[in-house]
Amino acid sequence: MRWLRFLLVMGVRRSPTASEFDPVSEGTRYRLVAAISLAVWDGVCRESTHSDGERDEQQARLRFHQVAARIAAGRRA
């Protein structure tokens with residue numbers, strides 16, 4: 001607890017290493033179940049990761065919405 005207080009006093013914040021993007025909640029916009037949303041996110045993250053291991057977060061998010069919209073449109077057709 002002391003370390004947490006120390007870090008807060010020193011102004012150290014949680015680093016944004018993990019994406020703030022929540023594929024499950026974003027997938028609900030398209031009425032996707034959690035498993036499908038997570039599978040789509042996994043796939044687009046792999047597509048959007050460069051050879052140096054850096055992921056293009058904006059590209060991954062854009063592709064998630066594109067793929068999720070296609071899945072949703074396919075169900076309505």
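Computed from a predicted model, the values in this text were never measured in an experiment. The first residue of the sequence shown is numbered 1, and numbering continues consecutively from there.
For Gln66, the side-chain hydrogen bond (donor to acceptor under 3.5 Å, both in side chains) partners at least two apart in sequence or on another chain are Arg63.
Cluster membership for Val44 and Val33, using ILVMFWY side-chain heavy atoms within less than 4.5 angstrom, is shared.
Scanning both residues, Gly27 and Ser37, for their nearest heavy atoms gives CA-OG, 3.3 Å. When every heavy atom of Pro23 is checked against every heavy atom of Trp41, the shortest pair comes out as CB-CB, 3.6 Å.
Applying the salt bridge (charged side-chain N to carboxylate O under 4.0 Å, His left out) definition to pairs two or more places apart or across chains, those involving residues 31-45 are Asp42-Arg46.
Taken from CZ in Phe21 to CD in Gln58, the straight-line distance is 10.5 Å, to the nearest 0.5 Å. Taken from CZ in Arg61 to SG in Cys45, the straight-line distance is 10.0 Å, to the nearest 0.5 Å.
Other members of the hydrophobic cluster containing Val24, listed by chain and number, are Leu38; membership follows side-chain contacts under 4.5 Å among ILVMFWY residues, whether direct or relayed.
Contact of the His65 side chain with the Arg29 side chain is registered, since non-hydrogen atoms from C-beta on lie closer than 4.5 Å.
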